[in-house]
Amino acid sequence: MMLPGLELKNPIMPASGCFGFGKEFAPFYDLSELGAVIMKAATGEQRFGNGTPRVAESASGMLNAIGLQNPGVDAIIEHEIPFLREYDVPVIANVAGSTVEEYVEVARKISRFVDALELNISCPNVKEGGVQFGTDPALAKHVTEAVVQVSQVPVYVKLSPNVTDIVQLAKAVEEAGASGLSMINTLTGMRIDPKTRKPIIANQVGGLSGAAIKPVAVRMVYQVYEAVDIPIIGMGGIETVDDVIEFLLAGASAVAIGSANFKNPLVCKEIIEELPQALRSYGFTSVEDVIGGAHRETATTGVLRT
Amino acid sequence: MMLPGLELKNPIMPASGCFGFGKEFAPFYDLSELGAVIMKAATGEQRFGNGTPRVAESASGMLNAIGLQNPGVDAIIEHEIPFLREYDVPVIANVAGSTVEEYVEVARKISRFVDALELNISCPNVKEGGVQFGTDPALAKHVTEAVVQVSQVPVYVKLSPNVTDIVQLAKAVEEAGASGLSMINTLTGMRIDPKTRKPIIANQVGGLSGAAIKPVAVRMVYQVYEAVDIPIIGMGGIETVDDVIEFLLAGASAVAIGSANFKNPLVCKEIIEELPQALRSYGFTSVEDVIGGAHRETATTGVLRT
Amino acid sequence: MKREWMTIIEHEPIARNTFRLVLQGTIANDVREPGQFVHIQVSNDFYLRRPVSIAEVDREEGKMTLLYKLMGKGTEELSNKHVGDTIDVLGPAGSGFPLDEIDSNHALLIGGGIGVPPLYQLAKQLHEKGVPVTSVLGFQSKEEAFFTKEFEEYGDVRVVTNDGTLGHRGLVTDVLEGSFDTYFACGPTAMLRAVSEKLDGMQGYLSMEERMGCGIGACLACVVPANDEKGYRRICCDGPVFDAKEVVLS
Amino acid sequence: MKREWMTIIEHEPIARNTFRLVLQGTIANDVREPGQFVHIQVSNDFYLRRPVSIAEVDREEGKMTLLYKLMGKGTEELSNKHVGDTIDVLGPAGSGFPLDEIDSNHALLIGGGIGVPPLYQLAKQLHEKGVPVTSVLGFQSKEEAFFTKEFEEYGDVRVVTNDGTLGHRGLVTDVLEGSFDTYFACGPTAMLRAVSEKLDGMQGYLSMEERMGCGIGACLACVVPANDEKGYRRICCDGPVFDAKEVVLS
Ligand SMILES: Cc1cc2nc3c(=O)[nH]c(=O)nc-3n(C[C@H](O)[C@H](O)[C@H](O)COP(=O)(O)OP(=O)(O)OC[C@H]3O[C@@H](n4cnc5c(N)ncnc54)[C@H](O)[C@@H]3O)c2cc1C
Ligand SMILES: Cc1cc2nc3c(=O)[nH]c(=O)nc-3n(C[C@H](O)[C@H](O)[C@H](O)COP(=O)(O)OP(=O)(O)OC[C@H]3O[C@@H](n4cnc5c(N)ncnc54)[C@H](O)[C@@H]3O)c2cc1C
Ligand SMILES: Cc1cc2nc3c(=O)[nH]c(=O)nc-3n(C[C@H](O)[C@H](O)[C@H](O)COP(=O)(O)O)c2cc1C
Ligand SMILES: Cc1cc2nc3c(=O)[nH]c(=O)nc-3n(C[C@H](O)[C@H](O)[C@H](O)COP(=O)(O)O)c2cc1C
Ligand code: FES
Ligand code: FES
C-alpha cells in the first residue's frame, strides 16, 4: 500500500503518544511488523508537561493530560529516531508547538530524518498553542502552509474533533497543501472524584480516547472522506480488527491505534495478524477494496446477512 | 429545591426522548417520585421521523436517530399532558422545530400547560432545522429571544455538544433571556457494520448518548458554570448516584437521565432513593451543598481520602 | 412487565449456532400470549438489551424457554452463560398472537429460521384450543433446523431448506398450499413480505423484528409504518405481532 | 515483561477490606527484585489496568502473592474473583529495590498501609542476605493491620496505628530511632516526604505511587520530578523504587 511518503506493509500503526518512541514495545514484538510508527509529539525545546495525576479512567475510555512532555526535537533526532531506524518500518514524526515559528522549526529539523510528518494542531492539553490552531480554519491553513513549505516529506494534519464543522477544517488544510489527514485527536473531557470533590486530572480537563469515542471518529472520517481528495489515517477507539474495517469502510486509508496499546501491548501485532482472515470473511479481496466502501455500498441489508 | 418554574422534590428527572410522555414508565413506579419529567420533543405538526434502524449500540453507549417523531403539539396538549398532570410532578416540555416560526408556535401553545420549556436547539437527527440553531450563537440567541417572548413559563435552552466553544453558545442564550440551560444533547456519531458495509442507522449518523459521553458532558457543565449565572440541568451518561454527584460538583443544579432508562426502567427511582445516603457518605449536608463544589474545593487530595 | 434476575436452569445447543435456554422466574407467570418476548441484558459489556421471543412457557412452574441463534457479540456472550447463572430480564414484553380473538378451522404457521421460536408456543395453544395446525418451517440447511419433531406433536409439519438437505428444497412460500383460513408468520422482513403477498386476502398475523432501544414503547426506535392516521406502530409494545393489514412492509 | 492470563490459586481476606491473592504463572519466574509490580486488567468493564505490588514471590514454583486493599471499583471487582479464575496480568513491571547494590549493616523498612506489601519480599531477601532488618508498619487501626507476624520472621517489628488500637499510637515517623544505615519506605506521598525529611542524610529508597496508563514507560502518565537534567522519572519503569535523592516529592 502506498500513501504519500509511506510504503505500508499493512494499514496498522500505533498512534502518537501511545507508543513513546517505540523502545518500550520492542520487547513485545518486532516493530518491523507494523505498517508505520507515529512518534510521540516533538516540540522545539524539552517540555516537562502537566502535573500529575495525568490520566483518569472513564466508561470504555480514558482521559489524559500529559501536556506534550518530550525531550525536544534535537534530542529526539539524536537519541530516539536512530533506534526506530534500525527497524524496517516507516517513521512519522508528530510535530507540535505553541507558535507557528515553533511548528516550522520542529518540522524543518525533523523532516530530514523521517518519512512523513503528522502536524498536531489538536492537542487539548496545553494551555497555549496547539488546539486553537486546530479549531480555527484560517489558523489551521496558515500553520499548515508554513509547515508544508519547510518540510522535506509529506505532511499529514491531525485534526481535533472538538469543532463544530470538521469538514471545514479538513478542506482548509487540504487547500494549504496537506498530503493527508490524521483524525481524530481526543475529545476534551473531565472527571470529578466525589471523594475529593475535585477534577481527577491535575490539569482539570483531559483528552478522552478509547472505544467510547469511536462513533464520533467514524462519523468524522465518513464526512471528511466525502469532502477531500487526500488520504485519511483514521483513529479513535480502535481495539479490534472489526474496528479497523469500520474505519476503512468510512474512508480511512490506514488506521492508528492509541490507548488500546495500554490495555494490551500486543494489540497492533495481533490485529495485523487477524486482518487478512477478517477481510476474507467479509468478502473483501484487499485493503484497498474496503476503503470508503460505506459510501459505495447499495445492496440491501438482507443480502449480506446470513 | 427551587429552579426557575420548578419546585423539585429532588434533582433527578428523566431526559427528553428517553421517557416518552411518561405512560410507559408509570407501571414501573409512581411518577410523582421524580424531581420533574421532561417530555419527548414537540413540533408544530405530527412528524413520522427517520427510517429504521434508528438505534445502534456502541461501547458504553448508543446511537439514535429517531428524528423527532411525535404527534404534534396539539395532540400532545390534548392526549399526553393530562396524563402527566395527574401526578404531583413538574412537567417540562421539549420544544423543537425547523424554523423560528415553528419554535415560537410550539412554545406559545404548549407553555400554558407545563411548568417550563426545554428549547431543543440541538437535535442532530433532523435534516433541516434543529441543530444549526444550536451551533451558531447568533441563531441560538435569535430563536431563544423569540421563544422567551411568547412563553408563559421559564425557558431552559438545551445545548448541543457538537460545537467548538460551548461557553459562547451558553452566554448567547443567557443574554437572550434563557432562565436556565440544559446540557448536553447527543454527540453526532456513526457506526458501520462490516457485514453489510453500510451505516447501521438508516439516517447514517445518529446521536451518541450513554456513559461514553459523560466526561465530555461534565467538562462542558464545568466550563459553562464558570461563565453564566443561570442554573444548569446536567445530563449525558448518568447511570449511578456517583454520576449525579459528579454533575452537581461540576455545576449542575439538577440532572436528567436518558438512555440509562433503557438499561433499567427503574434507574431514576433507584437513584432518587440512593441519593441521601450517598450525599452523607461524601460529607455533604444537602444537594445545594454539592452544586459547583469542584470550583470551590481547595483541600489537598490526601485529606479527604481514607 | 417487570425487571427481574432470572435463573438459567437449562442451556444447550440444539442446532448449528442455535441454543435452547430455559429461565426460571416470576416473569414467566406474567406471560399472556404466545409471541411475547423478553428484553435481555446480556452483561455489563453491552449497552442495549436484546429482544428474544418466548418459545414456550410454563406459567405455573414459572419457567420459560427461549431459542436463540448466534448473530453477534451479544448472543455469543449469552451462549457462554451457565446453568445456575442469573440474568437481567425485562418482560414479558409486547403483544403476541391474539389467540382469544382467533376463530380458525385450520391455521397455517410459517416460520423462517430464528422466526420459528414464537410459533412453537402458538402451535401448542392452538392445538389445545382444538384448532388444526399446519406448520411450515424454513431453514438454511439441515444443520440449522430445529424443533421439527416438536412441532409434529401439534399438527402437520412441512420443512423447507434453502439447500434441500432437509425436507423440501426452496423457500417457505413454495409450500403454502392448502385450505387454511388464518396464517401466522415470523421471520425476516423479506419473507414476511413474500408470505403476505402470496396469502393476500387470508386473515394473517405477522411477528416483526426491529432494533430496539427501550423495549417498552418509550423511545420510538422500533417503529413500522402503519396504514392508518396514526401512521406507525411500535414493534416492542403495539407488536411484535400485527394483523397483516395493519402494517406496511417496506 | 509479558502479558499472561494467570490463575488464581488462593484468595482470602486478611484484614478489613484487605485481601491476599496468590497467582500462578510464568510472570512469577521473571521477577527480578522486591518492589516490582504487576499491572492487572481486572475485567472488560475497566479501561485501565491496576498496578499492584508483588508482596512475595516463589520463582521456582511460579507463584506470586499480592496484598491489596479495596479502594474503588476495580479492586472491588477483583475481590469477587474466585480460585480457579484466570486474570489478565502484565508484568513483572518496574525496577524494585536494588538489592545487589545494597550494603547495609541494619536496614530500616517503613511501610504505611497498603504500602507495606512490597516490603515483605524485601524483608525476606534482606534477611536471606544476612542483613538485620527492623520493620516499621503503620496502619489506621488494628482492623486494618496485616502481616505483622509475618514480618517478625525476618527481624524486629514496630507497629504503629493512628488510633492506638495496635502497637504505638501515632505515625510511623514517631518510631524511626535506631542505628540504621539504610531505609526503605513505601506508602502515601505525604508519608514518604515526612520520612525522607526525618531521615535526611541516611541512604534511602522510596517506592512511589501514581495513576498509570501503559505501565511500561510509553505514555508518561506516571512521572515524578527528578533532580537532574532529565527532570523527571517514570514511576512505572524507572521506578516505582527510587533513591530518595533522585526524586522530588511535591
Ligand atoms: C421481537 C423480537 C423477537 C426476537 N426473537 C428472537 C428469538 O426468539 N431468537 C433469536 O435468536 N433471535 C430473536 N430475535 C433477534 C435477536 O434480537 C437478535 O438476533 C439479537 O438481538 C442479536 O444480538 P447480537 O448481540 O448477537 O448481535 P449484534 O449484531 O452484535 O447486535 C447489535 C445490536 O443490534 C441489535 N440487533 C441485531 N440484530 C437484530 C434483530 N434481528 N432484531 C432486533 N435487534 C437486532 C441487537 O439487539 C443489538 O442491540 C428477536 C428480535 C425481535 C425484535
Ligand atoms: C507501583 C504501585 C504499586 C501498588 N501496589 C499496591 C498494592 O500492593 N496493594 C494495593 O492495595 N494497592 C497498591 N497500589 C495502589 C493501587 O494501584 C490502587 O489502589 C488501585 O489502582 C485502585 O483501583 P480501584 O479501581 O479500586 O480504584 P478507583 O479509584 O476506582 O481507580 C480509578 C483509577 O485510578 C487509579 N488509581 C486509584 N488510586 C490509585 C493509586 N493509589 N495508585 C495508582 N493508581 C490509582 C486506578 O488504577 C484506576 O486507573 C499500588 C500502586 C502503584 C502505583
Ligand atoms: C496518553 C496519550 C498521549 C497522547 N499524546 C499525543 C501526542 O503527543 N500527539 C498527538 O497528536 N496525539 C496524542 N494522543 C492522541 C492519540 O494519538 C489518538 O489520536 C487518540 O488517543 C485517539 O485514539 P485512541 O482512541 O485509539 O487512543 C495521545 C493519546 C493518549 C491516550
Ligand atoms: C432515543 C433517544 C431520543 C432522544 N430524543 C430527544 C428529544 O426528543 N429531544 C431532546 O432534546 N433530546 C433527546 N435525546 C437526548 C437526551 O435527552 C439526552 O440529552 C442525551 O441522550 C444524553 O443523555 P444520556 O446519556 O443520559 O442519554 C434523546 C436521546 C435518546 C437516546
Ligand atoms: S424499543 Fe423503544 S419504543 Fe420500541
Ligand atoms: S504509566 Fe505509562 S509511562 Fe508510566
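A note on names: the letters A, B, ... follow the listed sequences, proteins ahead of strands, and every chain is numbered from 1.
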>> Using a strict threshold of under 4.0 Å (side-chain N to carboxylate O), is an ion pair present between B:E246 and B:K214?
In response: yes

Heaviest contributor of heavy-atom pairs below 4.5 Å to chain C, chosen from B:G61, B:S58, B:G17, is B:G61

Answer key: most heavy-atom pairs under 4.5 Å with chain C among B:G210, B:P71, B:A75, B:C18 is B:G210

Whatever's closer than 4.5 Å to a heavy atom in chain B on C:L90 counts as side chain

The residue among C:F184, C:F242, C:Y183 that forms ring-ring contact (aromatic ring centres under 6.0 Å, His included) with C:F97 is C:F184

If you tally heavy-atom pairs under 4.5 Å between each of C:M1, C:R3, C:H39, C:Q41 and chain B, the highest tally belongs to C:R3

Okay, C:M212 and chain B: the region with an atom under 4.5 Å from a heavy atom over there is backbone

Per side-chain contact (heavy atoms from CB on, under 4.5 Å), B:I110 is matched among B:I77, B:N94, B:D74 by B:I77

Cut-off 4.5 Å, heavy atoms of chain C, and the answer for B:F48 is side chain

C:E77/C:K73 ion pair, N-O < 4.0 Å: no

Correct closest heavy-atom pair for C:R32 and C:Q36 would be N-OE1, 2.7 Å

Whatever's closer than 4.5 Å to a heavy atom in chain C on B:P53 counts as both

d(C:S53 OG, C:Y68 OH) to nearest 0.5 Å is 14.5 Å

Comparing B:N261, B:L266, B:N264 against chain C, the one with the most heavy-atom pairs below 4.5 Å turns out to be B:N264

Applying ring-ring contact (aromatic ring centres under 6.0 Å, His included) to B:Y29 and not counting sequence neighbours gives none

Applying a strict 4.5 Å limit to non-hydrogen atoms, the region of B:S259 in contact with chain C is both

